[in-house]
2 protein chains.
Amino acid sequence: MATYQPDDGWDALGDPTRRAIVACLAERPRAVRELADELPISRPAVSQHLKVLKEAGLVTDRAVGTRRVYRLNPAGVAALRDQLETFWHRALDGYQDVAEQPTEETS
Amino acid sequence: MATYQPDDGWDALGDPTRRAIVACLAERPRAVRELADELPISRPAVSQHLKVLKEAGLVTDRAVGTRRVYRLNPAGVAALRDQLETFWHRALDGYQDVAEQPTEETS
DNA sequence: ACGAACGGAAAGCTACGACTTACCGTTGCT
DNA sequence: AGCAACGGTAAGTCGTAGCTTTCCGTTCGT
């Protein structure tokens with residue numbers, strides 16, 4: 001069942017390597033070995049990242065023979081997207097009261 | 001001008017405290033002091049986080065008297081949301097070729 | 001039944017990032 | 001002019017996250 005903490009998804013995507021894995025899996029499902037071959041890190045490292053991504057609900061895995069094929073979990077990705085959507089809406093809705101002009105340059 | 005690295009946004013949201021700040025700013029713009037009062041960390045720590053968020057293009061700031069008011073940057077949030085949207089679409093589009101049935105429980 | 005490939009788990013090292021306190025410049029009020 | 005509030009910067013400490021190597025269990029092929 002797995003009771004996902006919403007924040008876990010953000011923590012998971014906080015790491016560049018895990019984002020690379022997610023990007024890879026967005027193209028097509030892959031086995032651990034395949035992922036390790038395309039990344040500059042060892043296979044166990046990939047395994048550890050996949051564990052984090054799985055616990056965050058961002059990927060799922062299937063056992064296929066001796067290999068384990070990971071794929072992106074659309075539901076997990078959608079959850080994060082929706083959260084950003086909420087922030088985005090609130091920022092737009094609530095902010096139009098104040099006239100938009102920075103009084104000083106922001107660098 | 002600021003040439004934002006797309007990944008910076010994810011790195012920025014990778015930290016729980018920064019996510020709390022973003023959530024705060026989603027409600028309404030706030031000064032540094034106000035944010036520090038609502039968070040369990042010191043004011044300089046908040047400043048450091050705001051710097052990261054600003055460099056990532058997720059917030060903007062205005063000088064108002066001696067205070068500096070930060071607000072969410074809808075464009076920055078939208079950029080990340082769109083990226084997730086892409087992943088989500090690709091996962092849905094490309095995966096329907098294979099029949100969806102995990103051969104083994106995934107824990 | 002043996003050997004090879006796959007992949008998860010444990011142990012250990014290292015580097016970085018999130019804090020703190022202290023300091024300093026700026027703005028505004030009286 | 002002087003004092004107080006605000007907030008960015010610097011310096012230093014500490015925990016943890018990411019990596020590696022090693023080891024072990026499982027599954028397939030011959």
Side-chain angles (χ1 to χ4, degrees), chain A residues 2 5 7-25 28-56 58-71 102-107, chain B residues 2 5 7-25 28-56 58-71 102-107:
Chain A
Q5 207 72 29
D7 270 20
D8 286 352
W10 298 112
D11 286 330
L13 290 185
D15 178 74
T17 302
R18 280 193 290 266
R19 286 196 295 274
I21 291 177
V22 166
C24 265
L25 294 181
R28 56 185 156 87
R30 303 190 198 238
V32 179
R33 187 75 184 333
E34 297 178 68
L35 287 169
D37 287 342
E38 307 200 23
L39 295 170
I41 59 174
S42 70
R43 186 196 48 74
V46 173
S47 261
Q48 290 164 4
H49 283 306
L50 286 171
K51 181 181 181 181
V52 173
L53 289 170
K54 182 175 167 182
E55 285 173 354
L58 289 175
V59 303
T60 58
D61 57 342
R62 280 177 69 195
V64 177
T66 141
R67 304 187 317 150
R68 200 148 254 270
V69 177
Y70 282 80
R71 57 180 55 205
T103 56
E104 183 177 323
E105 243 334 301
T106 177
S107 89
Chain B
Q5 208 72 29
D7 272 19
D8 287 352
W10 298 111
D11 287 330
L13 290 186
D15 179 75
T17 301
R18 280 195 289 267
R19 286 196 296 273
I21 291 177
V22 166
C24 265
L25 294 181
R28 57 184 154 85
R30 303 188 196 240
V32 179
R33 189 77 186 333
E34 299 178 68
L35 287 169
D37 287 341
E38 307 199 24
L39 295 170
I41 58 174
S42 69
R43 186 196 48 74
V46 173
S47 260
Q48 291 164 4
H49 283 306
L50 286 170
K51 182 180 181 181
V52 174
L53 289 169
K54 182 176 168 182
E55 286 174 353
L58 289 174
V59 303
T60 57
D61 57 341
R62 280 177 68 194
V64 177
T66 141
R67 304 188 316 151
R68 200 149 255 269
V69 176
Y70 282 80
R71 58 179 56 206
T103 55
E104 184 177 322
E105 243 334 301
T106 177
S107 89

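We use all heavy atoms of the structure for the numbers below, so side chains are in, but hydrogens, waters and symmetry mates are not. Within every chain, numbering begins at 1; the chains are lettered A, B, ... in the order of the sequence lines, protein sequences first and strands thereafter.
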For [X] and [N], what is the distance between atoms [atom1] and [atom2] respectively, to the nearest whole Å?
X: A/Asp15; N: C/dA18; atom1: CG; atom2: P; answer: 12 Å
X: A/Asp61; N: C/dG8; atom1: CG; atom2: C1'; answer: 11 Å
X: B/Arg62; N: C/dT27; atom1: CZ; atom2: C1'; answer: 16 Å
X: A/Asp37; N: C/dG7; atom1: CG; atom2: C1'; answer: 13 Å
X: B/Glu55; N: D/dG8; atom1: CD; atom2: C1'; answer: 13 Å
X: B/Asp11; N: D/dA17; atom1: CG; atom2: P; answer: 15 Å
X: B/Arg68; N: C/dG28; atom1: CZ; atom2: C1'; answer: 16 Å
X: A/Leu50; N: C/dC6; atom1: CG; atom2: C1'; answer: 13 Å

Looking at [X] and [Y], what are the two nearest heavy atoms and their distance?
X: B/Arg30; Y: B/Cys24; result: NE-O, 3.5 Å
X: A/Arg67; Y: A/Ala31; result: NH1-CB, 3.7 Å
X: B/Val69; Y: B/Pro29; result: CG1-CB, 3.7 Å
X: A/Ile21; Y: A/His49; result: CD1-CB, 3.6 Å
X: A/Ala12; Y: A/Leu53; result: CB-CD2, 3.9 Å

Please confirm whether the shortest side-chain N or O distance from [X] to OP1 or OP2 of [N] is below 4.0 Å.
X: B/Thr17; N: C/dC19; answer: yes
X: B/His49; N: C/dC19; answer: yes
X: A/Tyr70; N: C/dC6; answer: no
X: A/Arg33; N: C/dC6; answer: yes

B/Arg19 and A/Asp11 ion-paired at < 4.0 Å:
yes
Chi angles and distances behind the side-chain contact (heavy atoms from CB on, under 4.5 Å) call for A/Leu25, A/Val59:
CA-CA 9 Å; A/Leu25 294 181; A/Val59 303; 3.8 Å; yes
When B/Thr66 and A/Arg18 are each assigned the nearest nucleotide of DNA chain D, the 5'-most assignment goes to B/Thr66
With nearest nucleotide decided by heavy atoms, which residue, B/Glu34 or A/Gly14, maps closer to the 5′ end of DNA chain D?
B/Glu34
Pull out every residue in residues 40-48 of chain A that has a heavy atom closer than 4.0 Å to any atom of DNA chain D, ordered by number, or say none.
A/Ile41, A/Ser42, A/Pro44, A/Ala45, A/Gln48
